[in-house]
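Remember, it's a predicted structure, so these values are computed and weren't measured experimentally. In the text below, chain A, chain B and the rest are named by the order of the sequence lines, each starting its count at 1.
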Protein chains: 2
Amino acid sequence: MSARPDTREQILDAAETLLQQRGFNAFSYQNISQPLGIRNAAVHYHFPTKGNLGAALIDRYRRRFHAWVAAHRRRGSDPATLLNGYFAIPLNYLRHDNCVCPLGVLEAEFNAIPDDMRVATRALDAEIREFLAGVLRDGREQGQFQFAGLPEAKALVVVAALQGALQIARVAGPTAFRDTLRQLKCDLGMDVRSATAAEGTGPGAHPSRETN
Amino acid sequence: MSARPDTREQILDAAETLLQQRGFNAFSYQNISQPLGIRNAAVHYHFPTKGNLGAALIDRYRRRFHAWVAAHRRRGSDPATLLNGYFAIPLNYLRHDNCVCPLGVLEAEFNAIPDDMRVATRALDAEIREFLAGVLRDGREQGQFQFAGLPEAKALVVVAALQGALQIARVAGPTAFRDTLRQLKCDLGMDVRSATAAEGTGPGAHPSRETN
DNA sequence: ACCTACTTACTTAGTAGTAAGTAGGTTGAT
DNA sequence: ATCAACCTACTTACTACTAAGTAAGTAGGT
């Protein structure tokens, strides 16, 4: 009966889906343990407190993102490829039963999560925006994107809009997100083909469904 | 001891702050009753279930927004004034201890709120985006704004970015929101003065602090 | 003999929600 | 004008449940 010995990772997978579907304060240890066929105390064994679980989850998001960026750097991807690869992350969330961006959830509940989670959240946000600002700067220099203003400010608009659009897609349907993405590309002077569907799972590789 | 007979409205005020500060699933009846010096059951008297409270709160947001739009219509405000007035709403939230957009919170927790709240949330989102798309369309026709694409898509980008930026401001500080707003205006070909500070409280008039 | 990865059984502290009682004001019939 | 009936806006006291977290025990591998 030891088909999946990696209980710890399965717990994180379950927590990830629950976080992006319901929010941190709207799921319990039982929501994790029951589907996995284990006991609440088993979850506590791996993650003594819920805050530890949350912080470990955010750290995993960060490691995945770092690895994804590193892989692209090795491949020497150009700015347009990097940006389309980044767009694939929320597109994956969207396909995954309208999951929202983890950063959005954590920031919305920021005053109701433990301190170690806040620190990790801040770090993830900074890393993503720093990456994106670099991509936008390089892309503009190389003539792949057109926009006015600082790359940091444009990166802010892009991440904020993607994050917000995933949330809006919850009430307005997935086309709301796709329309937002198309407009963002248009505002960057990019080629507006729907595309980027087969861009690979990227760092936002969501556990359930396709991992079966 | 009847300084404030309007308990019902005070409950909604408290719930509003709690929603935008902590999220719907991260506050309890006690968080409302205790500061008001009343009992939990008094809250249940006015709002039998937490879902009723939440739905009533969203309905109040909607009524405030309708009244605000109607007031501007009577005044015959031009698109730029309307848009700057709309921008004043999240700017007020920001000043109010980094409150986030109620729609963002509700959408993030969408799978963890009762059904009547979902219906009301959907309605509020549709009303806001419809209003904004109209403003953007008129403004472009009158030469006040410049942008490519459909007004509906541009409205989506604007509301999504504002919503997301309020959340990001939680972890990155208020300048993150202001930078996002400046970039959005820049992308619309608007005059980029910081301004719009004394735009009045508008429909996002938050209860506590200044109402004292 | 010990470690890892659990389980069973429990505690403590909340949560939303309810039932029944009550103070004070309003209404209506006599 | 007075008294009974009733309504609004609560209170006290409770139920039923769920939450996170802990202590102690155990099976199986090293």
Any side-chain donor paired with an acceptor under 3.5 Å for [X] and [Y]?
X      : Y      : value
B:Q183 : B:D179 : no
B:D6   : B:Q10  : no
A:T81  : A:N84  : no

Does a side-chain N or O from [X] land closer than 4.0 Å to OP1 or OP2 of [N], or not?
X     : N      : value
B:T7  : D:dC10 : yes
A:T49 : D:dA20 : no
A:S28 : D:dT18 : no
A:H46 : C:dC6  : yes
A:Y45 : C:dC6  : no

B:Y29 side chain, from C-beta outward: closest of D:dC10, D:dG21, C:dA16: C:dA16

Shortest side-chain distance from A:H44, nucleotide among D:dA9, D:dA20, C:dC6: D:dA20

Dot-bracket summary - DNA chain D, pairs being Watson-Crick or G-U whose distances fall under 3.5 Å, with | when paired to another strand: ||||||||||||||||||||||||||||||

For DNA chain C, the residues among residues 30-41 of chain B that have a non-hydrogen atom under 4.0 Å from it: B:Q30, B:A41

Sugar-phosphate only, base, or nothing, as touched by B:F47 at under 4.0 Å among non-hydrogen atoms: nothing

